[in-house]
Amino acid sequence: MGTCSSFMVIENWVDDNQKVKSNKFVNLYMQFDGYPEGNPSDVAKWLSKYTVVNGLPLNSKSQEVFNGAGCLAAQFVHEFKNGAGGIYLFPINHFGRCWEEYLYEIIVTENNKIIFKGYENNTTKSGLRKKLFFEGTPQEFAEKYQK
């Protein structure tokens, strides 16, 4: 049996009332190798190669940037999904409710930084119960949990 995990790409910003607001872009479910040293380490290494920007110059074809969280989400699916099975897109509200052992959040902040969070998932019928075990940059995660 595999170690299931889900990844959610989230955009956070602070509104005029100083409240943190979020847009959730994708819930990508991986059926195997969801423990920190597995797929999440690969995802973190991949994220570490990129910079988040807000806008691209005309005729820009740079492969080393994400033009915001939506662009990151699209490139994430493109990078890791390659054929039938193994990886699935689930509805946002299923995050943590698909028997995943681990949950990961990829958060793009208002100042274009990426925060990578890892949780152990102990969801029950009464609700989502995730326990944070990592919060930092993708590079820090990759260094800590490298294969």
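Note that these values count all heavy atoms, side chains included, but never hydrogens, waters or copies made by symmetry.
Asn17 places no side-chain N or O within donor-acceptor distance of the main-chain N or O of Lys19, the cut-off being under 3.5 Å. Checked by atom type and distance alone, the side chain of Asn39 pairs as donor or acceptor with a backbone atom of Phe32 at under 3.5 Å. The main-chain N or O of Thr137 is never found under 3.5 Å from a side-chain atom of Gln139 such that the two would form a donor-acceptor pair.
Using bins of under 30°, 30° to 60° and over 60° for the plane-to-plane angle, the ring pair Phe133/Tyr145 lands in the perpendicular bin.
Inter-residue side-chain proximity for Val26 and Leu89 is flagged as met; some heavy-atom pair is nearer than 4.5 Å. The shortest distance between side-chain heavy atoms of Phe76 and Phe7 falls below 4.5 Å. Ser5 has its side chain within reach of Met30: a pair of non-hydrogen atoms, C-beta onward, lies under 4.5 Å apart. Within the 4.5 Å cutoff, side-chain heavy atoms of Asn27 are placed close to those of His94. Inter-residue side-chain proximity for Lys21 and Val14 is flagged as unmet; no heavy-atom pair is nearer than 4.5 Å. Contact check for Val43 versus Tyr104: no side-chain heavy atoms found under the 4.5 Å cut-off.
For Gly96 against Asn121, the heavy-atom pair with the smallest separation is O-ND2, 3.1 Å. Of all non-hydrogen atoms in Phe116 and Pro40, the two that sit nearest each other are CZ-O, 4.0 Å. The two residues Ser48 and Pro138 come nearest to each other via the heavy atoms OG-C, 3.4 Å. Closest of all the heavy-atom pairs between Leu132 and Lys117 is CD1-CB, 4.1 Å.
Both Tyr119 and Met8 sit in one connected hydrophobic cluster of ILVMFWY residues. Membership requires side-chain heavy atoms under 4.5 Å apart, directly or through other members. Hydrophobic cluster membership differs between Ile10 and Tyr50, with clusters built from Ile, Leu, Val, Met, Phe, Trp and Tyr side chains linked at under 4.5 angstrom. Cluster membership check: Leu103 does not share its hydrophobic cluster with Val108, using side-chain heavy-atom separations under 4.5 Å among Ile, Leu, Val, Met, Phe, Trp and Tyr. Two different hydrophobic clusters hold Leu47 and Ile107 under the rule that ILVMFWY side chains link at heavy-atom gaps under 4.5 Å.
Checked for salt-bridge contact, Lys130 and Glu105 meet the test: a charged N lies under 4.0 Å from a carboxylate O.
Taken to the nearest 0.5 Å, the CD atom of Glu110 stands 10.5 Å off from the CG atom of Asn54. Note that CD of Glu11 is 10.5 Å distant from CG of Leu72, once rounded to the nearest 0.5 Å. Going from atom CD1 of Ile106 over to atom CD1 of Ile114 covers 8.0 Å, rounded to the nearest 0.5 Å. From Ser6, atom OG reaches atom CD of Gln31 across 11.0 Å, with rounding to the nearest 0.5 Å. Atom-to-atom distance recorded for Cys4:SG and Tyr102:OH is 12.0 Å, nearest 0.5 angstrom. One distance of note links OG1 of Thr3 with CD of Glu100; it measures 12.0 Å at 0.5 Å rounding.
Side-chain contact of Asp33 with Tyr35: a donor-acceptor pair under 3.5 Å is present, judged by distance alone. Side chains of Asn12 and Ser22: a donor on one and an acceptor on the other come within 3.5 Å. No side-chain donor-acceptor contact under 3.5 Å links Ser41 and Gln146.
Ring centroid separation for the pair Phe66 and Trp46 comes in under the 6.0 Å cut-off.
The environment of CD in Gln75 is crowded: more than 12 heavy-atom neighbours from other residues, nucleotides or ligands sit within 6.0 Å. Atom NZ of Lys24 sits in a sparse spot, with 12 or fewer heavy atoms from other residues, nucleotides or ligands closer than 6.0 Å. In the displayed structure, Lys81 atom NZ is contacted under 6.0 Å by more than 12 heavy atoms of other residues, nucleotides or ligands.
Screening residues 10-31 for ring pair (Phe, Tyr, Trp, His ring centres under 6.0 Å), with sequence neighbours left out, gives Tyr29-Phe90.
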